[in-house]
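All remarks here apply to the structure that follows.
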Amino acid sequence: MLKHWLKTFSLAEMLQGMFLTLRVMFRAKPTVRYPEERTPYSPRFRGMHALTRDDAGAEKCIGCKLCEAACPSQAIRIVIGPNAEGDRSAVSYEIDQGKCIFCGICEEACPVDAIVHTRQFEYIADERKELLFSKETLLTVGETFKEEIREAKVADAPYR
């Protein structure tokens, strides 16, 4: 009881806190000045989705709907129909980036590697409907980051 009373009135906890503050105050700051400086990301980082094309320029998606079935957040919606050659393909392919949890299961489920995650995370939307990426948007993202996607596949090759 006496020990507790002395500790309380001697302000020992407050002095310990002040010494801790002084000790930490002169250390190097862990803050990163974001646009100019970047922290490294994890090799497993998953960013914006993209639909890829094969070397001939044709869409890789065959419309199997495995990515839609595997998506735990039900963020993918695919409509199947015949393409110009009469083969089965995805007429409409939409991903709601607002619903997506970026788990990568859609990428793993795809048998032809049509859907991939890029390392891009800097995209914004003023309204929720702008986060609904259509097939054309996803193909454009795939074309824009084609080299990055190819490099990522080469880096991951031993693990597949």
Side-chain angles (χ1 to χ4, degrees), residues 20-21 23-160:
L20 177 67
T21 302
R23 193 173 47 192
V24 172
M25 191 178 344
F26 298 108
R27 289 184 187 165
K29 307 293 186 257
T31 304
V32 176
R33 300 182 63 78
Y34 170 64
E36 295 84 26
E37 300 174 22
R38 306 238 174 178
T39 57
Y41 356 166
S42 167
R44 295 182 182 184
F45 176 76
R46 297 180 196 99
M48 187 185 326
H49 293 84
L51 280 175
T52 57
R53 296 180 184 268
D54 60 11
D55 294 333
E59 298 171 14
K60 283 187 177 180
C61 183
I62 57 174
C64 64
K65 297 182 96 170
L66 287 174
C67 56
E68 180 180 19
C71 182
S73 60
Q74 299 177 348
I76 302 173
R77 194 177 69 99
I78 302 171
V79 177
I80 303 301
N83 60 8
E85 292 84 34
D87 297 331
R88 175 184 163 151
S89 69
V91 175
S92 171
Y93 193 109
E94 293 179 343
I95 295 180
D96 189 349
Q97 297 283 11
K99 278 183 167 180
C100 181
I101 59 173
F102 300 95
C103 62
I105 295 175
C106 58
E107 189 174 7
E108 292 174 15
C110 185
V112 293
D113 292 333
I115 184 78
V116 295
H117 284 274
T118 64
R119 298 184 58 81
Q120 298 300 315
F121 61 91
E122 301 170 319
Y123 56 98
I124 60 167
D126 291 331
E127 296 180 16
R128 186 170 174 85
K129 65 182 177 182
E130 293 173 7
L131 290 173
L132 186 64
F133 285 16
S134 67
K135 180 178 177 180
E136 292 75 26
T137 304
L138 293 167
L139 287 168
T140 304
V141 171
E143 288 295 318
T144 305
F145 299 108
K146 183 190 288 187
E147 291 302 317
E148 177 185 311
I149 294 167
R150 186 174 292 133
E151 289 171 10
K153 285 185 181 183
V154 169
D156 288 344
Y159 301 106
R160 288 190 177 206

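The residues of the chain are indexed from 1 along the displayed sequence.
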[X] [atom1] to [Y] [atom2] distance, which is reported to the nearest 0.5 Å:
{"X": "I80", "Y": "I62", "atom1": "CD1", "atom2": "CD1", "answer": "9.5 Å"}
{"X": "C71", "Y": "R77", "atom1": "SG", "atom2": "CZ", "answer": "13.5 Å"}
{"X": "F102", "Y": "R46", "atom1": "CZ", "atom2": "CZ", "answer": "10.5 Å"}
{"X": "H117", "Y": "C106", "atom1": "NE2", "atom2": "SG", "answer": "4.0 Å"}
{"X": "K65", "Y": "I76", "atom1": "NZ", "atom2": "CD1", "answer": "11.5 Å"}
{"X": "Y123", "Y": "E130", "atom1": "OH", "atom2": "CD", "answer": "13.0 Å"}

[X] and [Y]: which non-hydrogen atoms are nearest, and at how many Å?
{"X": "Q120", "Y": "F145", "answer": "CG-CZ, 3.3 Å"}
{"X": "C67", "Y": "I78", "answer": "SG-CD1, 3.6 Å"}
{"X": "K60", "Y": "D113", "answer": "CD-O, 3.8 Å"}
{"X": "A50", "Y": "T118", "answer": "CB-CG2, 3.9 Å"}
{"X": "Y93", "Y": "A90", "answer": "CD1-CB, 4.4 Å"}
{"X": "K99", "Y": "Q74", "answer": "NZ-O, 3.6 Å"}

_Take a 6.0 Å sphere around CZ of R38 and say whether it holds more than 12 heavy atoms from other residues, nucleotides or ligands._
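More than 12 heavy atoms, drawn from other residues, nucleotides or ligands, come within 6.0 Å of this atom.
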*Does the pair C61 and K135 meet the rule for a side chain to side chain contact (heavy atoms under 4.5 Å, CB included), with working shown?*
CA-CA 10 Å; C61 183; K135 180 178 177 180; over 6 Å; no
*Test: E148 and R119 ion pair at under 4.0 Å*: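 So E148 does not pair with R119 through a salt bridge.
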_Parallel, tilted or perpendicular: rings of F45 and F121 (30°, 60°)_ =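 Rings of F121 and F45: perpendicular, over 60°.
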*Would you call E143 and L139 a side-chain contact if the rule is heavy atoms closer than 4.5 Å?*
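No, side chains not in contact.
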_Side chains of H49 and L138, heavy atoms from C-beta outward: is any pair under 4.5 Å?_
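Answer yes - side chains close enough.
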*Test T140 against T137 for side chain to side chain donor-acceptor pair (under 3.5 Å), laying out the working first.*
CA-CA 5 Å; T140 304; T137 304; over 6 Å; no
*Does the S134 side chain pair with the main chain of E94, one donor and one acceptor, at a distance under 3.5 Å?*
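No, because the side chain of S134 does not come within donor-acceptor range (under 3.5 Å) of the backbone of E94.
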